[in-house]
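Throughout, residue positions are numbered sequentially from 1 according to the sequence presented.
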Amino acid sequence: MSLSHLLVAIVLFLLIVNVIFRLKILRKYNKLSNKQINIEPGLLFDRKKMKAYAEKHYPEYAEEIEDFRKSLNALIQLGIWGLLIIVVVFLLIKYVA
């Protein structure tokens with residue numbers, strides 16, 4: 001198996017995982033949206049502020065909101081790591097092979 005085949009396999013794997021994560025996040029978002037829960041986008045990346053906001057405004061849904069925040073952060077980390085892996089494999093193909 002050559003490095004280019006490895007790159008294709010990695011890209012397909014990351015694409016499938018990305019789609020699965022996005023579907024999970026959309027389901028969670030729809031559940032929160034149906035419950036009329038509005039979250040400010042800036043709070044999604046600050047765990048402490050988000051927790052305080054959720055406990056103040058939506059104490060009964062604080063756990064669901066935290067789960068949504070964690071899923072969104074995991075998707076972002078997956079995207080960053082996936083891009084780095086693809087770039088490293090591409091550079092290996094370009095300069096080593």
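- The line from CG of Asp46 to CD of Glu40 is 12.0 Å long, rounded to the nearest 0.5 Å.
- If you chain together hydrophobic residues whose side chains sit under 4.5 Å apart, Val96 and Ile10 fall into the same group.
- In the hydrophobic clustering of ILVMFWY residues, with side-chain heavy atoms under 4.5 Å counting as a link, Leu12 and Val89 come out apart.
- Looking only at side-chain heavy atoms (C-beta outward), Gln77 and Leu75 stay at 4.5 Å or farther from each other.
- Hydrophobic cluster membership is shared by Leu14 and Leu92, with clusters built from Ile, Leu, Val, Met, Phe, Trp and Tyr side chains linked at under 4.5 angstrom.
- Judged as a ring pair (Phe, Tyr, Trp, His ring centres under 6.0 Å), and not counting sequence neighbours, the contacts of Tyr53 are His57.
- The distance from atom CG of Leu72 to atom CG of Asp67, rounded to the nearest 0.5 Å, is 11.5 Å.
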task: Go through Phe45 and Ile76 one step at a time and tell me if the side-chain contact (heavy atoms from CB on, under 4.5 Å) criterion holds.
output: CA-CA 10 Å; Phe45 303 108; Ile76 292 169; 3.2 Å; yes

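- Rounding to the nearest 0.5 Å places OH of Tyr29 at 10.0 Å from CG of Asn34.
- Tyr58 has its side chain out of reach of Leu32: every pair of non-hydrogen atoms, C-beta onward, lies at least 4.5 Å apart.
- Interatomic distance, CD of Glu60 versus NZ of Lys35, reported as 9.0 Å (0.5 Å rounding).
- Inspection of the Lys28 and Ser71 side chains reveals an N or O donor paired with an N or O acceptor under 3.5 Å.
- Here the shortest heavy-atom pairing between Ile86 and Val11 reads CD1-CG2, 3.6 Å.
- The line from CD1 of Ile25 to CD1 of Ile20 is 12.0 Å long, rounded to the nearest 0.5 Å.
- When all heavy atoms are compared, the tightest approach of Leu44 to Met50 is CD2-CE, 3.6 Å.
- Side-chain heavy atoms closer than 4.5 Å link hydrophobic residues (I, L, V, M, F, W, Y) into clusters, and following such links, even through other members, never connects Phe90 to Val8.
- With a 4.5 Å cut-off on side-chain heavy atoms, Leu26 and Phe21 do not count as touching.
- Legend: salt bridge (Lys or Arg N to Asp or Glu O under 4.0 Å) pairs involving residues 68-83, not counting sequence neighbours, sorted by first then second residue: Glu66-Arg69.
- Interatomic distance, CD1 of Ile37 versus NZ of Lys31, reported as 12.0 Å (0.5 Å rounding).
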